[in-house]
Amino acid sequence: MNISLDYTLGCGQAHRWIKRDDTWEGVIGNEIITLTQTDNGFECDGTSNENMILNYFRAKDNIQNIYNDIRRRDSYVSTLIHKYQGMRILKQDSWECIATYILATNANIKRIRQMIGMVCKECGEDLGGRYSFPTPEEVIMKADRLSNCRLGYRRQRFIELAKRISTNDIDLNTIGKLSYEECVQTLLKIKGIGPKVADCVSLFGYGHLDAFPIDTRITKILWAVYGKHGSYKQLSKFSREKFGKYAGYAQEFLYYSNPATSTFSHKI
DNA sequence: CATCAACCTGATCA
DNA sequence: ATGATCAGGTTGA
């Protein structure tokens with residue numbers, strides 16, 4: 001399969017997709033998008049801009065070439081690629097990506113989705129059942145409503161981010177022109193962004209496919225599968241060298257694999 | 001550079 | 001039932 005909606009939209013890289021029966025519903029920009037899996041891809045309802053969807057799914061990537069590259073490098077990831085054929089890295093909007101991953105720090109998936117859903121409902125536009133992700137200006141204008149969103153200490157970071165972007169103190173397009181290393185270094189200066197979020201934004205928001213985000217789950221997997229442990233920097237170096245220019249794809253497969261039911265050489 | 005408690009909130013577990 | 005711990009981390013000392 002070329003593109004799997006279940007794996008791509010269900011692996012946790014994007015937080016606003018909902019599976020209803022056999023279709024996936026999400027919001028991209030100001031449109032509610034409905035996707036239905038086909039044999040080799042998907043059908044799309046809700047937009048006339050097909051190019052936008054193809055870009056979001058990175059459909060022009062030579063996916064077999066990418067799979068083959070990481071397959072060669074590691075036999076365990078190779079089995080995961082076989083198992084989860086069609087998993088893709090998405091190319092998300094940079095603002096939405098930074099914002100959602102700042103909100104996602106130190107929270108579980110369920111809570112992340114709840115926080116983001118609340119933020120959209122309080123500050124975004126009603127599209128009819130679903131809400132747009134608010135612009136930085138909308139966040140600032142409706143900042144008082146964020147008190148209802150249960151964001152905890154993330155609220156101030158979120159508002160500060162919106163302000164800095166709105167005033168052009170942070171220029172998302174300029175960051176998009178940087179190399180992976182420069183991109184990470186720039187993102188790290190933003191309050192609320194540490195190494196993990198910087199890697200997530202580099203990968204999902206700016207398309208640096210060699211970024212390898214390391215969260216608690218990946219940390220456990222790196223220990224369980226490869227016997228590696230250490231600081232973020234050490235694990236990052238090991239993973240990026242091992243998996244190469246498409247390390248981000250390898251990370252997605254590792255993340256999606258279920259450590260609890262797999263056979264590992266080390267105990268978790 | 002490495003270490004570590006504190007941090008909002010909510011769910012799970014003992 | 002009530003307290004500890006953990007969850008897609010980051011901050012500041």
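Reminder, nothing fancy here: chain letters follow the sequence lines and each chain counts from 1.
- Rounded to a whole Å, the CZ atom of A:Arg113 is 22 Å from the P atom of B:dT9.
- Nucleotide C:dA7 holds its C1' atom 11 Å from the NZ atom of A:Lys196, rounded to whole Å.
- Protein atom CD1 of A:Ile102 is 16 Å distant from nucleotide atom P of B:dC8, rounded to whole Å.
- The shortest distance between the side-chain N/O atoms of A:Ser231 and the OP1/OP2 oxygens of B:dC1 is not below 4.0 Å.
- Regarding A:Arg217, its CZ atom lies at a distance of 17 Å from the C1' atom of C:dG9, rounded to whole Å.
- Separating the NZ atom of A:Lys189 from the P atom of C:dG12 is a distance of 16 Å, rounded to the nearest angstrom.
- Judged by the 6.0 Å and 45° rule, A:Arg88 forms no cation-pi pair with A:Tyr7.
- At a cut-off of 3.5 angstrom, counting only N and O atoms as typed in the model, there is no donor on one side facing an acceptor on the other between the side-chain of A:Tyr101 and the base of C:dG9.
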For this session: Test A:Glu125 against A:Lys142 for salt bridge (charged side-chain N to carboxylate O under 4.0 Å, His left out), laying out the working first.
Result: CA-CA 12 Å; A:Glu125 292 178 38; A:Lys142 303 173 185 176; over 6 Å; no
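- No engagement by A:Pro213 is indicated, since no non-hydrogen atom pair under 4.0 Å with the nucleic acid exists.
- Ranking C:dT10, C:dA7, B:dC8 by closeness to the A:Lys220 side chain, first place goes to C:dA7.
- Counting non-hydrogen atoms under 4.0 angstrom, A:Arg155 reaches nothing in the nucleic acid.
- Comparing A:Ile193 and A:Gln13 along DNA chain C, the residue whose closest nucleotide (by nearest heavy atom) sits nearer the 5' end is A:Gln13.
- Pairing partner, B:dC8: none, since no Watson-Crick or wobble contact has both distances short of 3.5 Å.
- Separating the NE2 atom of A:His229 from the P atom of B:dT3 is a distance of 10 Å, rounded to the nearest angstrom.
- Across all strands, A:Leu103 comes closer than 4.0 Å to no nucleic acid atom at all (heavy-atom distances).
- Note that CG of A:Leu235 and CD1 of A:Ile221 are 12.5 Å apart. Values are rounded to the nearest 0.5 Å.
- Residue A:Lys191 places its side chain closer to C:dT11 than to any other of C:dT11, B:dC1, C:dG9.
- In the set C:dG12, C:dT10, B:dC1, the nucleotide with an atom closest to the side chain of A:Thr105 is C:dT10.
- A donor and an acceptor atom sit less than 3.5 Å apart, one in the side chain of A:Arg111 and one in the base of B:dC8.
- Counting distance only, with no hydrogens placed and no angle test, the side-chain atoms of A:Arg150 and the base atoms of B:dT9 include no donor-acceptor pair under 3.5 Å.
- If you check every strand for non-hydrogen atoms under 4.0 Å, A:Ile112 touches a base.
- If you check C:dT11, B:dG10, B:dC1 against the side chain of A:Lys233, the one that comes closest is B:dC1.
- Checked by atom type, the side-chain pair A:Glu31/A:Thr47 shows a donor-acceptor distance below 3.5 Å.
- Between the P atom of B:dA6 and the CD atom of A:Gln156 lies a distance of 22 Å, rounded to the nearest Å.
- Distance CD1 (A:Ile109) to C1' (B:dG10): 15 Å, rounded to an integer number of Å.
- For the residue pair A:Glu43/A:Thr36, the side-chain donor-acceptor check at 3.5 Å is not satisfied.
- Nucleic acid contact class of A:Gln234 (heavy atoms, under 4.0 Å, all strands): none.
- C:dA4 and B:dA5 have their P atoms separated by 16 Å, given to the nearest Å.
- For A:Asn106, the side-chain atoms get nearest to C:dA7 when compared with the rest of C:dT10, C:dA7, B:dG10.
- Proximity of A:Phe212 to A:Lys237: side-chain heavy atoms (C-beta onward) are nowhere separated by under 4.5 Å.
- On the P atoms, C:dA13 is 15 Å away from B:dC8, given to the nearest whole Å.
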